[in-house]
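Computed from a prediction, not measured in an experiment: that's the story for all the values here.
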Number of protein chains: 2
Amino acid sequence: MAALTINEAAETTGWSARMLRYIEREGLIEPARSDAGYRLYGPGELQRLRTLRELLAEHDISLGDVGFALRLRSDAGLRDAVEGWLAAEPRRPAGVAADDDWLRFEQLKHERLLGRSEPAAA
Amino acid sequence: MAALTINEAAETTGWSARMLRYIEREGLIEPARSDAGYRLYGPGELQRLRTLRELLAEHDISLGDVGFALRLRSDAGLRDAVEGWLAAEPRRPAGVAADDDWLRFEQLKHERLLGRSEPAAA
DNA sequence: CCAACCTTACCAAGGTCGTGTCAAGGTTTC
DNA sequence: GAAACCTTGACACGACCTTGGTAAGGTTGG
C-alpha cells in the first residue's frame, strides 16, 4: 500500500491527472513528493479526493468555493472580516438607537470576536 | 433622511445601479421595496454597501465568495460538510491507527459537530 | 401629460474556471 | 538505452461571472 503516482491516483479517484494538479494548486490537497519531485498520493489523500468529489456534487459548490473556505479557516483576519460583515445585517431593532450607535455596537461585537482562534484539534 | 432609490444609492456608495441589482441577486443586500416595486436603500444598507467594497478590496475576494460565505452560514448542512472535509487533513499521527480507524475517527468528530447551531445573536 | 425616474429582461464584451492536450525535459525500469 | 513514466509551462476552448448597455414598460411629480 505504498503511495500512488499521479496517474494511478487519478485512476482510483475518478479525477484526471490534470485536475489533481489543479486541486493541488488550489491548496486543497498537497501530496508528498519523491526525491525526483514525483507526486505521491497516500491512502489519506486518496480518500480525501474521493470525498471531495462527493462534497462538490452533493452541495453544488466549486473547487474555488472549497478553496475559499480553506482561506477562511486559515486566515483569521479574513474570517473575522467576512463574519463581521455578514453579522451586520441591517436589522435595527426598530427603536433601539440611532444608526451611528448601531454601527458602533456592531463594531464592538466584532472586536470581541477577535479573541477567538483555532479550536486546536483535540 | 428617508430611503434612497437605486441611482441615489449608487451615487453615495460607489457601486453602479447595475451592481446593486447584482448584489441583491447574490443575496447579499436586499433593500426594501416601495409599493410600486422601487428599491429603497436605508442607512444600514448604504453603510453595508460601503463596507462591502472595503471587504472585497482589502482581502481580494469576490462577491461570489461573500455569497458563498453567506451560504455557509445559513446552510448548516453545507457548513458541516465543508468543515468536516477541511478538518480531515491527512495528518495521521504517524503510528496511531490504521487508516480506516482514522477515517472513522474523523467521521465521529464530524457527527459531534452536528449539534452546533447559530449562536442566536445575544 | 411629460420628463425623469424606476422595473425586468435581454445582448454583449472581457475575465476567470475547469479541463484537455501538447511540448521539452528529467526519472525509472527493464 | 529505450519505453513509459513523471515534471512544469503553455495554448485552447466552452462555460460561467462580472459589468455595462439598451429596450419596453410602469411610476412620480410638477
dT28(C) P sits how many Å from Glu8(A) CD, rounded?
14 Å
Given Leu4(A) and Thr12(A), is the side-chain contact (heavy atoms from CB on, under 4.5 Å) satisfied, shown in steps?
CA-CA 10 Å; Leu4(A) 304 188; Thr12(A) 60; 4.0 Å; yes
Give the B/S/- string for nucleotides 25-30 of chain D, one per nucleotide from 5' to 3', where a protein heavy atom under 4.0 Å of the base yields B, of only the sugar-phosphate yields S, and otherwise -.
-BBS--
Just checking Arg39(B): base, sugar-phosphate only, or nothing, at a heavy-atom cut-off of under 4.0 Å?
sugar-phosphate
Here the distance between atom P of dC16(D) and atom CG of Asp65(A), to the nearest Å, is 15 Å
Verify whether one side chain among Glu8(A) and Thr5(A) offers a donor that lies under 3.5 Å from an acceptor in the other.
yes
Between Leu20(A) (CG) and dT7(D) (C1'), how many Å, whole number?
14 Å
Looking at Gly44(A), is its backbone amide N or carbonyl O close enough to the side chain of Gln47(A) to form a donor-acceptor pair, meaning the two atoms are under 3.5 Å apart?
no
How many Å lie between CG on Asp60(A) and P on dC16(D), as a whole number?
11 Å
Contacts satisfying side-chain hydrogen bond (donor to acceptor under 3.5 Å, both in side chains) that involve residues 13-24 of chain A (not counting sequence neighbours) are Glu24(A)-Arg33(A), Glu24(A)-Arg39(A)
Check the distance between dC5(D)'s C1' and Leu4(A)'s CG and give it to me in whole angstrom.
14 Å
Expected output: side-chain Trp85(A) to main-chain Arg48(B) donor-acceptor under 3.5 Å
yes
Side-chain (Glu45(A)) to main-chain (Gly42(A)) donor-acceptor, under 3.5 angstrom
yes
Check the pair Ile6(A) / Tyr38(A) against side-chain contact (heavy atoms from CB on, under 4.5 Å), numbers first and verdict last.
CA-CA 8 Å; Ile6(A) 194 169; Tyr38(A) 285 22; over 6 Å; no
Nearest heavy-atom pair of Leu63(A) and Met19(A): which atoms, and what distance?
CD1-CE, 3.6 Å
Using whole Å, what does the distance between atom C1' of nucleotide dA4(C) and atom CD1 of Ile6(B) come to?
15 Å
At under 4.0 Å between heavy atoms, which parts of nucleotides 10-21 of chain C does protein reach? Answer with one letter per nucleotide, 5' to 3': B base, S sugar-phosphate only, - none.
-------SSBBB
